[in-house]
Chemist: 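Sending over a structure as structure tokens; questions will come in a sec.
Protein chains get the first letters and strands the later ones, always in sequence-line order, with residue 1 at the start of each. Side chains are part of it too, since the values below use all heavy atoms of this structure and drop only hydrogens, waters and symmetry mates. A quick note: this is a predicted structure, and the numbers were derived from the prediction, not measured.
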There are 2 protein chains.
Amino acid sequence: MTEQEQNQLNQYLFGLAKKENYKKGTIIIKEGEVSSKFYYLEKGILRGWTNNDGKEITFQFLFEEQLFCATESFFYNTPCSYSIETIEDSVLLYIDKEEMNLLQNDKSFEKLFNKYLISRLALYQNLLIARIQDKPEVRYRKLFQEKPEILLRIPQHYVASYLGITPVSLSRIRNRQ
Amino acid sequence: MTEQEQNQLNQYLFGLAKKENYKKGTIIIKEGEVSSKFYYLEKGILRGWTNNDGKEITFQFLFEEQLFCATESFFYNTPCSYSIETIEDSVLLYIDKEEMNLLQNDKSFEKLFNKYLISRLALYQNLLIARIQDKPEVRYRKLFQEKPEILLRIPQHYVASYLGITPVSLSRIRNRQ
DNA sequence: CTTGAACGATAACAATTGTTAAGAAAAAGA
DNA sequence: TCTTTTTCTTAACAATTGTTATCGTTCAAG
């Protein structure tokens, strides 16, 4: 998906969108509830996490200019299996599902959205492969190379959880470098 | 995506498809090459794997009645970053990308394919979350509960690789139960 | 049927990570 | 500013996994 196509899609989706400010620590999408909004993160950082026997597991970070929704919940109207919250003060744009349904009559939108889905699918496949392939220490090094901003803007215990290790272990790995 | 929608999509895609038999151990999609076919696995089992410093990492198994393609390679015409091979004698249906492009003019197909992409996206998100959430031993137990046929039909060292551990460690885990 | 390769179990030791706890530093709130 | 909370580091020990090697067993090709 080219940058131009991305901009066109954003224009379709968020040309008439509402804008809202959220303080750090606000839950945008809540585990167990149905989420029927499609979002664009204009400013800030978000974190996706699930509850695992009382322990929070962080599985995703979202940065500026990122489109997102709770895919399964949004498209199938099912309770969401995870939460998404702000870890900085953030600005979000959003549209409701009904507004999105209206867009689906537009063939040009449909084609763009198709491309968006394909790019997301490819991304998640690559994320999954990378996670199977690499051990925690390698995952840390790659993350540090590819997205150093994650390590600068996000508390380390969230990063540790995202890497699938404990904060103690991450601290040790960092110290080894 | 309902079963009916799935059948409709399969009919669109593979109504006029070629059918081919492959012996066990045949490479269907080869790492480094561009794959421009969309497949349906009628019979057999496939395995997706990548080369990681000389070590094979298995990241996916495909079973009967499964649609698949090398997403990134197929849609973006890039060299594929992994291989897919048969681990049993298998029967595949396939169409070329040009045939698929013709289908894209059909609005009904487009809608179905959209739903397919959404279902795949949701699946991969869940796979990724599960992998971040669970430790190797838990992953094994869940796999055993959800897909015991994997453990019966697939050599254990492939399963171990898929779980992100060594065959030795998998053998130990199995012995602990 | 025979032979070599592939597969799985086990053992011993190394390396890594988890757990718990304590303390220092930084950030947030009053 | 002062206090409280959060975050990060470090240490000691436990648990898990990795590595290497050996040994039957099974599978497959000839």
Side-chain angles (χ1 to χ4, degrees), chain A residues 21-27 44-45 47 49 52-59 61 85-90 131-144 148-177, chain B residues 21-27 44-45 47 49 52-59 61 85-90 131-144 148-177:
Chain A
N21 289 280
Y22 294 96
K23 288 234 160 188
K24 172 177 174 176
T26 308
I27 292 186
I45 300 185
R47 173 177 82 98
W49 56 274
N52 200 24
D53 292 330
K55 286 183 183 173
E56 271 186 19
I57 309 286
T58 296
F59 64 89
F61 299 114
E85 69 172 41
T86 57
I87 54 180
E88 283 183 4
D89 293 354
S90 302
R131 184 155 285 267
I132 294 178
Q133 214 167 30
D134 302 329
K135 295 175 206 258
E137 184 164 347
V138 177
R139 288 208 287 275
Y140 170 78
R141 283 210 306 272
K142 284 192 179 175
L143 187 66
F144 187 70
E149 74 266 26
I150 285 187
L151 302 158
L152 298 173
R153 293 172 67 184
I154 295 176
Q156 255 180 59
H157 61 286
Y158 291 152
V159 176
S161 176
Y162 176 72
L163 291 171
I165 54 180
T166 59
V168 177
S169 189
L170 176 55
S171 183
R172 278 189 293 229
I173 288 173
R174 284 164 60 88
N175 222 284
R176 260 182 244 149
Q177 312 289 317
Chain B
N21 289 281
Y22 295 95
K23 287 234 162 187
K24 172 177 174 176
T26 309
I27 291 185
I45 300 185
R47 173 177 82 99
W49 57 274
N52 199 25
D53 292 332
K55 286 184 184 172
E56 272 187 19
I57 309 286
T58 297
F59 64 89
F61 299 114
E85 68 172 42
T86 56
I87 54 180
E88 284 184 1
D89 292 355
S90 302
R131 184 155 284 268
I132 295 178
Q133 213 167 30
D134 302 329
K135 294 177 209 265
E137 185 164 348
V138 177
R139 287 208 287 276
Y140 170 78
R141 284 211 306 271
K142 285 192 178 175
L143 188 65
F144 188 69
E149 75 267 26
I150 285 188
L151 302 159
L152 297 173
R153 293 172 66 184
I154 296 175
Q156 253 180 61
H157 61 286
Y158 292 153
V159 176
S161 177
Y162 176 72
L163 291 170
I165 55 179
T166 60
V168 177
S169 189
L170 176 57
S171 182
R172 277 189 294 229
I173 288 174
R174 285 164 60 88
N175 223 284
R176 262 184 242 147
Q177 312 291 315

Chemist: Which pairs pass salt bridge (charged side-chain N to carboxylate O under 4.0 Å, His left out) with one or both residues in residues 162-173 of chain B, sequence neighbours excluded?
Modeler: none
Chemist: Restricting to side chain to side chain donor-acceptor pair (under 3.5 Å), what partner residues turn up for A:Arg131, sequence neighbours left out?
Modeler: none
Chemist: Work out how much the helix from C:dC1-D:dG30 to C:dA30-D:dT1 bends between its end axes, five pairs an end, to the nearest 10 degrees.
Modeler: 60°
Chemist: Could I get the full list of side chain to side chain donor-acceptor pair (under 3.5 Å) partners for A:Ser169, not counting sequence neighbours?
Modeler: none
Chemist: If the condition is side chain to side chain contact (heavy atoms under 4.5 Å, CB included), which residues does A:Lys55 pass it with, not counting sequence neighbours?
Modeler: none
Chemist: Strictly under 3.5 Å: I want the nitrogen or oxygen pairs between protein and nucleotides 25-28 of chain D, one per line.
Modeler:
unit_1 : atom_1 : unit_2  : atom_2 : d
D:dA28 : OP1    : B:Lys24 : NZ     : 3.3

Chemist: At under 4.0 Å between heavy atoms, how does the protein contact nucleotides 4-23 of chain D? Give one character per nucleotide, 5' to 3', with B, S or -.
Modeler: ---SSSBBB----BBBB---
Chemist: Can you sort out the partners of B:Lys135 under side chain to side chain donor-acceptor pair (under 3.5 Å), two or more places apart, ordered by chain and number?
Modeler: none
Chemist: Judged by atom type as modelled, is there a donor-acceptor pair below 3.5 Å linking the side chain of B:Asp89 to the main-chain atoms of B:Lys23?
Modeler: no
Chemist: My understanding is that only residues two or more places apart in sequence, or in another chain, count here; which of them pass ring pair (Phe, Tyr, Trp, His ring centres under 6.0 Å) with A:Phe61?
Modeler: A:Tyr162
Chemist: With A:Tyr22, which residues qualify under ring pair (Phe, Tyr, Trp, His ring centres under 6.0 Å), at least two apart?
Modeler: none
Chemist: Using atom types as modelled, flag every donor-acceptor pair under 3.5 Å from a side chain in residues 148-156 of chain B to any protein atom, sequence neighbours excluded.
Modeler:
unit_1   : atom_1 : unit_2  : atom_2 : d
B:Arg153 : NE     : B:Glu88 : OE2    : 3.3
B:Arg153 : NH1    : B:Glu64 : OE1    : 3.4
B:Arg153 : NH2    : B:Glu64 : OE2    : 3.2
B:Arg153 : NH2    : B:Glu88 : OE1    : 3.1

Chemist: Going by side chain to side chain donor-acceptor pair (under 3.5 Å), name the residues that satisfy it together with A:Glu137, two or more places apart in sequence or in a different chain.
Modeler: A:Arg176
